[in-house]
Amino acid sequence: AQPDAVLRLEGIVAGYGDATVLRGVDLAVPAGKVVALLGANGAGKSTACAVAGSMVPTAGRVLLDGEDITNWPAHRRARAGIYLAPEGRGVFPSLTVEENLTTWLPSAADREKVYERLSHLADRRTVAAGALSGGEQQILALAPALVRPPRVLIADEPSLGLAPLIVEQIFELFGELRDRGVALLVVEEKASEVLALADTVAFMRLGQISWTGPRSEVDEERLTSAYLGLA
Ligand code: ATP
């Protein structure tokens, strides 16, 4: 066993009603590491994120720092340091950037730390969050994590529909959080920018991890076979 895994999924079976989606998923995310979870549409990646963040599986265990949190409700997991990066819905569109930050960071000193790091947010502090681009909203939703780093950050397709420059900024933030000891699980459908950041890559296929290993072992051939289901 690797005692340093902050988040661990063990033998997870989960689904919706009668439909089983995850069929025995094992996944470990260590502190200060990025695990990229890749796989085709419908493979079960989002369901794996949900099991880590809020959903109670049919079988298997979810461990946080070795503690069994399988049956904990979402708010308790959040308090324990599991941050499920929201897709846009994490910000209040009618509140300004400053007001949004205040809901997570009541201390003005903490908000200043965000503005120092993210000057484009500082320039927009009086703008309604709903008027920001999708990528800027995503950065706003991630900003509190920079000041109060979670134990685990889970991002489900953070690059989806965003301009390359914003994607680059988001992955830069992930890199900073990794360097500060956060355990990151980043889901993408295609191998993308995430490969440059990942320490470990896990491919998911038909509700199971079909291959996992260090990023250095992921080459074109591995990618092709993983996506064709030959891994
Ligand atoms: P995607 O890239 O499309 O999100 P994914 O790998 O993340 O794919 P999941 O979203 O976990 O896969 O979906 C796996 C299967 O579970 C799919 O067949 C999907 O239709 C089904 N599914 C997902 N969410 C629900 C839900 N809330 N209710 C019923 N079925 C669902």
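First listed ligand is number 1; within each ligand, the first listed atom is number 1.
Residues L84 and C49 share a closest heavy-atom pair of CD1-O, 3.8 Å. In terms of heavy-atom proximity, V62 sits nearest to T70 at N-OG1, 3.0 Å. Taking every heavy atom of both residues into account, D26 and G11 meet most closely at OD1-N, 2.7 Å. For the pair L177 and P149, the tightest heavy-atom approach, listed with the atom from each and the gap, is CD2-CB, 4.5 Å. What you find for R77 and W72 is that their closest heavy atoms are NE-O, 2.8 Å.
The side chain to side chain donor-acceptor pair (under 3.5 Å) with Y115 is formed by just one residue from the set H120, E98, R125; it is E98.
Ligand 1 lies nowhere less than 4.0 angstrom from a heavy atom belonging to G39. Within the structure, ligand 1 has G42 among the residues with a heavy atom less than 4.0 angstrom away. Residue E157 places a heavy atom less than 4.0 Å from ligand 1. Residue-ligand proximity: A40 is placed with a non-hydrogen atom under 4.0 Å from ligand 1.
Among protein heavy atoms, the minimum distance from atom 5 (P) of ligand 1 is reached at K45 N, 3.4 Å. Protein heavy atom in closest approach to atom 3 (O) of ligand 1: N41 OD1, 3.1 Å. Atom 9 (P) of ligand 1 has as its closest protein heavy atom T47 OG1, 3.7 Å. Distance from atom 30 (N) of ligand 1 to its nearest protein heavy atom, with residue and atom name: Y16 CD1, 3.3 Å.
Of the charged side-chain nitrogens involved, at least one lies within less than 4.0 Å of a carboxylate oxygen, so that R117 and E176 count as a salt-bridged pair.
No single ILVMFWY cluster, assembled from side-chain heavy atoms under 4.5 Å apart, contains both L9 and V13.
Checking only distances, V21 never comes within under 3.5 Å of ligand 1, N or O to N or O.
Within ligand 1, counting atoms from 1 as listed, the ones closer than 4.0 Å to a heavy atom of G44 are 5 (P), 6 (O), 9 (P), 11 (O), 12 (O), 14 (C). Near S46, meaning under 4.0 Å from any of its heavy atoms, are these atoms of ligand 1: 4 (O), 5 (P), 7 (O), 9 (P), 10 (O), 11 (O). Near A43, meaning under 4.0 Å from any of its heavy atoms, are these atoms of ligand 1: 5 (P), 6 (O), 12 (O).
Taking a distance limit of 4.0 Å, we find that atom 20 (O) of ligand 1 is approached by no protein heavy atom. Note that atom 14 (C) of ligand 1 has protein non-hydrogen atoms nearby, at separations under 4.0 angstrom.
Judged by distance alone, with hydrogens and angles left aside, the side-chain atoms of R215 form no donor-acceptor pair with the main-chain N or O of V201 at under 3.5 Å.
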